Protein chains: 2
Amino acid sequence: MPNIREIAKRAGVSVTTVSRVLNHHPYVKEEKRERVLNAMKELKYTRNIQAVHLAKGYSNMFGIVLPTIDHSYFSGLVTGIAEKAQACGMHFALFQTGYDPLKEKEALMSLNERRVDGLIFCSNALSDRDILKWQESGPIIFCHPTPHDDCSAVSIAHDQALKEGLHHLAACGHERIAIVLARTEGANSQTRLQAYQDMMQSLGQDIDEKWIIEGKLTLFDGKQLFTEWQGMKNRPTALLITNDNVSAGFLLEAQRHHIKVGESPAILSFQNEQLSEALGISSIEIPLKQMGQEAFDLYDRALKGDAPEKRVLPFRLIERATTVLQNNR
Amino acid sequence: MPNIREIAKRAGVSVTTVSRVLNHHPYVKEEKRERVLNAMKELKYTRNIQAVHLAKGYSNMFGIVLPTIDHSYFSGLVTGIAEKAQACGMHFALFQTGYDPLKEKEALMSLNERRVDGLIFCSNALSDRDILKWQESGPIIFCHPTPHDDCSAVSIAHDQALKEGLHHLAACGHERIAIVLARTEGANSQTRLQAYQDMMQSLGQDIDEKWIIEGKLTLFDGKQLFTEWQGMKNRPTALLITNDNVSAGFLLEAQRHHIKVGESPAILSFQNEQLSEALGISSIEIPLKQMGQEAFDLYDRALKGDAPEKRVLPFRLIERATTVLQNNR
DNA sequence: GTGAAAGCGCTAACAT
DNA sequence: ATGTTAGCGCTTTCAC
């Protein structure tokens, strides 16, 4: 593995010139540039990126932090981030946390010790505030609404989407509406629940505490949810489910049990991936790819020193078979 | 950002001692270790991992190369790899290629310039042989059967699984069986097709060239496949589909068209993710997580200089509703 | 335009 | 046990 010193010797120039060629610096005579390029070819030179990193002080590498990549929500988000990153010649490491605060801290450690220049949090267990303490080591971007104004974030207007969803269910004739969340999150969960409670109150509907269901993320969780729903004494007639996989699991399990259409609860989902379209599940579209792209853009701007920015993306309610006007309730 | 020199000064020791403390070297007096640790705390020291990488010559970082993370096959595989990697304190970068050879080459470049110590290829467009040329820069692992004996690989016995699948379909009374592949791959595709052809011949069934279908990877592709199937003059009565998402798309589209059970073709799928269970699709289980774990293990061993190794994991045919005994064909 | 030389922050002989 | 010192391979002033 030759280094630039050897290339310099071979080409009869200084290491500086070699470095200039390497970095496309303009001030190099064409003739010398050629000589250097040839020497590189002959010696099969490849730069040692680690040395570049040390000398420059950054690595063009960032980290994506998420609970698990094995879920369409997050893999969709990552795909969007990756597209843009790749176009900029940036690389990224993946940190899977399983919502373990310790693992999230490891990602923050990687930022601290400069393994990555910055981090994009797709979802986090630690509080946003705690995470932002590490910002002096590099930019941190969130993919959910966050109240802190010293950081950039991208998201849809979750509260508004939730309200619109409830509105839709109400318009379909439902009053006994349950809400199904992915997990118990700190601040976000609170605001969402608040929106739910406000909305239900305005419908004049008391909330059964069993109607607030948390910790549902996968298809399997959705199947279980159906069983739980069956076991409820005070069954909701509609479910607002914050993830397509859960909705699909619920619906498929309902079908497997040959639940009659009239008896199955209405389902309004979030995300709108291919699966919910194929199953005819009404869903509020979350533009994941775009969200990922914007997240990267925000990261890129933060790197350049731009001021923090909040971006709110549009959502769209897509009506399908699981939410239709009810007359008999 | 203090460096070890400053820590050394503050603690009244040499940089070597600081380095030793940092690397848990045994030969350090407890008292000095304390002093160093204190100095670190006081100055809020964190090591610069880039400098460590340069000095050591490796980075404990590898790359995972795949067409897209936004597919349950690959995200499952990555999850398995990540679990093991994380347990070893290793990090990884993701390279999404979309089966673009140029992008695969970029990943190989990253290996070459030591951004990563090695690569795990989940699936590749370039030939295995071409990829292996880069092995002098670091270990390369494949996640499919490969004939080259200078590399490690993990997979299930694809050919055997395919044969067992065809056997099963034949046992259910099918003779006109189509095969649906993810894409036109070089060597792998050939051997699979060979297995298909051999098997069909032994069934005494001529193959309609339209029964060999390629380029199907997603749920959406599966929906399209149904339409294509409907349009065929010489319709197969059974489909061997190499991916659950495609199978699900096909089945759901069939259901949407109210195809009667007897008229819908039998489906035997591969992968066996939650979705195929929920939909009652017969599927040949591919132990993705385990495959990922083994892939990492192979990588780890290759790093240590162990000899290349091929690992073949067990598969399992799970019968469900889409493959049942037919009497009327 | 070009080059000498001083880092970047850490590791690892080697000497003591 | 501990310290001195020479790298690791590149970038980047600064002077010419």
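Since we're looking at a predicted model, the values are computed, not measured. The sequence lines fix the lettering, A, B, ..., with proteins before strands; numbering per chain opens at 1.
- Between B/Glu113 atom CD and D/dC8 atom C1' there is a gap of 17 Å when expressed in whole angstrom units.
- For the 3.5 Å distance criterion, the side chains of A/Asp128 and A/His144 qualify, holding a donor opposite an acceptor.
- B/His53 has its NE2 atom 16 Å from the C1' atom of D/dC10, to the nearest Å.
- Neither OP1 nor OP2 of D/dC10 sits under 4.0 Å from any side-chain N or O of A/Ser19.
- Between A/Arg311 and A/Asp297, at least one side-chain N (NZ, or NE/NH1/NH2) sits under 4.0 Å from a carboxylate O, which counts as a salt bridge.
- Within 4.0 Å of A/Val18, counting heavy atoms only, lies no atom of the nucleic acid at all.
- The local environment of NZ in B/Lys310 is crowded, with over 12 non-hydrogen atoms from other residues, nucleotides or ligands closer than 6.0 Å.
- Ring-centre distance between B/Phe92 and B/Phe296: not below the 6.0 Å cut-off.
- Contact between the side-chain N/O atoms of A/Asn23 and the OP1/OP2 oxygens of D/dT11 is found at a separation under 4.0 Å.
- Across all strands, A/Arg5 comes closer than 4.0 Å to base atoms (heavy-atom distances).
- Between A/Phe121 and A/Phe142, the ring-plane angle classifies as tilted under the 30° and 60° cut-offs.
- Mapping heavy-atom proximity under 4.0 Å, the span of DNA chain C touched by chain B runs 5' to 3' from C/dG9 to C/dA13.
- A donor-acceptor contact closer than 3.5 angstrom links the side chains of A/Ser123 and A/Tyr99.
- A close approach under 4.0 Å does not occur between any side-chain nitrogen or oxygen of B/Lys56 and OP1 or OP2 of D/dC8.
- The separation between A/Ile49 atom CD1 and D/dT11 atom C1' is 13 Å, rounded to whole Å.
- Using a 4.0 Å heavy-atom distance criterion, B/Val15 is classed as a base contact.
- Inspection of the B/Glu83 and B/Gln293 side chains reveals an N or O donor paired with an N or O acceptor under 3.5 Å.
- Put simply, CG on B/Asn48 is 17 Å from P on D/dC10, counting in whole angstrom units.
- Between B/Ile4 atom CD1 and D/dT5 atom C1' the separation is 13 Å, expressed in whole Å.
- Summary of the strand contacts: B/Ala55 and B/Lys32 both lie near DNA chain D, and taking for each the nucleotide with the nearest heavy atom, the more 5' one is attributed to B/Lys32.
- Across all strands shown, A/Arg20 has heavy atoms under 4.0 Å from base atoms, whether or not it also approaches the sugar-phosphate.
- Contact annotation for B/Thr16: base contact, defined as any heavy-atom pair under 4.0 Å involving a base atom.
- Between the side chains of B/Tyr299 and B/Ser152, no donor-acceptor pair of N or O atoms lies under 3.5 Å.
- Figure legend: B/Arg20 and B/Tyr27 shown without cation-pi pairing, the cationic atom not lying both under 6.0 angstrom from the six-membered ring centre and within 45 degrees of its axis.
- Note on the helix from C/dG1-D/dC16 to C/dT16-D/dA1: angle between the axes of the first and last five pairs equals 30°, rounded to 10 degrees.
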